[in-house]
Number of protein chains: 2
Amino acid sequence: MIRIAIVDDKLRNRRIVAEKLSVSNRFQVIFEAGDGNEFLDKIRTLESSHLPDIILMDLEMPEINGIAAIAIASSLYPAIKFVVLTVFDDDDKIFSAIKAGASGYLLKEESGGVIVDMLLNLWESGAGPISPSIAYKILQMLKTRETPNAGGSEQPDIFQLSQREKEILELLAEGFEYKEIGDRLFISPNTVKKHCISIYQKLHVNNRAQALKIAYMKGLI
Amino acid sequence: MIRIAIVDDKLRNRRIVAEKLSVSNRFQVIFEAGDGNEFLDKIRTLESSHLPDIILMDLEMPEINGIAAIAIASSLYPAIKFVVLTVFDDDDKIFSAIKAGASGYLLKEESGGVIVDMLLNLWESGAGPISPSIAYKILQMLKTRETPNAGGSEQPDIFQLSQREKEILELLAEGFEYKEIGDRLFISPNTVKKHCISIYQKLHVNNRAQALKIAYMKGLI
DNA sequence: TAGTCAATAATCCATTTGGATAGTTCTTTT
DNA sequence: AAAAGAACTATCCAAATGGATTATTGACTA
């Protein structure tokens, strides 16, 4: 089963979306939310093993709009796929949503069959679903942009961090605390703490934020 | 009738494409070519009233490849729509083709029905046809490009952080603690803490590391 | 003029963190 | 076999953090 969450301020819209999904029995709507705040609150209370796989997100909502919600949640939950499902197709929103971390952008006018097919495809092959007219707009945007700059070469490992330490540094960057990291790695939080202190020593810093700064700046994560 | 030209170095491929188009009776293949040179020669001999409406262009061809042919012909005949029809989906080719002036990019694996639908749609609404997997790659490309805020236009502040909060977020990212930040800004560490908590609420996180993660990922700092 | 909001400040309290120190176990290297 | 290094665990303690709450000021707005 593919776990879905639906975020839309209109109950009626959520019903319609759920109805369209019911064309297939592969989907299970595990929760719904009426705006970005409610969504972020609800997802924060979920254990990581109960997180949804795909979020269907409307953009026009009170309080926090869908783009901000995607920006926040896609950082916190990188494994979740965010798919915009809206009636709007203005360039700004498309671009903002993609930059915010959306994997796909579907128009509500799409039929249930198309939506189901595209979501299944997203789940199985990782290809983000995009409505044709949206694809065309994206193409137009790309056409007007300049060619990309070739990336520079990185040389990690100058800090002599052990494998375990790198692992823990990544989890620190995720925002986990000692206990949570210990749970994930099946070790004591005391051990996690020991590793952290070793990391700080090797990076020549004395707190987490400084270590994360170096980690981000030097591309360790 | 929509006038079509097919450019592909394999006769067999041209036959297959023509076959797929015959699903609809709206299309008329007015000429074919086996490489870019031949195509450019043939189209040059046509009177402007007999020009094709849409060119279906393979990319891998001898002499002059499809991208070069599109680049030249799209300049000479701006009214003609150029659609890439190929088996390749590498990022470089997609990007080059779009820059060269292609209106669409279809994979040969698409069914005749899909191709016909998309070409009709191109003709009627101007929306360029793009295979879903290509659309996804384009989206990925767009995602990794820099935001087009060359000089004046700042992107909207989706997190609604106040000026002071942004200032403090930057200092947090430097690795400073409440007291140090307070000293720098000439305010009480209590106030700094209050700002931090407000920041966490707006970002929907509950500790510093998570806030920094979003800040780094979303380019707030 | 009343209301809202940003910024300031403080207090209480529980939790988390950083630092130091002291071990054990296991593997790899010498 | 001894040495070195990693990963692991633990305890003590002081400092820093986060959360909730309350309150004052000044600026902008309805």
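All values below come from the heavy atoms of this structure, side chains included, with hydrogens, waters and symmetry mates left out. The sequence lines fix the lettering, A, B, ..., with proteins before strands; numbering per chain opens at 1.
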Does a side-chain N-to-carboxylate-O contact under 4.0 Å join A/Asp53 and A/Arg3?
-> yes
How does protein reach along nucleotides 25-30 of chain D, written 5' to 3' as B (base within reach of a heavy atom under 4.0 Å), S (only sugar-phosphate), or - (no contact)?
-> ------
What distance do A/Glu174 atom CD and A/Leu169 atom CG have between them, rounded to the nearest 0.5 Å?
-> 10.5 Å
Starting at atom CD1 of A/Ile181, determine the distance to atom P of D/dA7, rounded to an integer number of angstrom.
-> 15 Å
How many angstroms lie between atom CD1 of A/Ile134 and atom CD1 of B/Ile138, to the nearest 0.5 angstrom?
-> 13.0 Å
Under a 4.0 Å N-O cut-off, is there an ion pair linking B/Glu167 with B/Arg184?
-> no
In the 5'-to-3' direction, what one-character label does each nucleotide of nucleotides 6-19 of chain C receive under the scheme B = base within less than 4.0 Å of a protein heavy atom, S = sugar-phosphate only, - = no such atom?
-> SSBBBBB---SSBB
Please determine if B/Arg208 forms a cation-pi arrangement with B/Tyr178, meaning its NZ or CZ atom is less than 6.0 Å from the six-membered ring centre and no more than 45° off the ring axis.
-> yes
Could A/Glu165 and A/Lys194 be called an ion pair, given the rule that one side-chain N must be under 4.0 Å from one carboxylate O?
-> no
Salt bridge (Lys or Arg N to Asp or Glu O under 4.0 Å) between B/Lys108 and B/Asp58, worked out | CA-CA 9 Å; B/Lys108 285 184 175 175; B/Asp58 189 19; 3.7 Å; yes
Mind checking the CZ-CD1 spacing from A/Arg164 to A/Ile199? Nearest 0.5 Å is all I need.
-> 11.0 Å
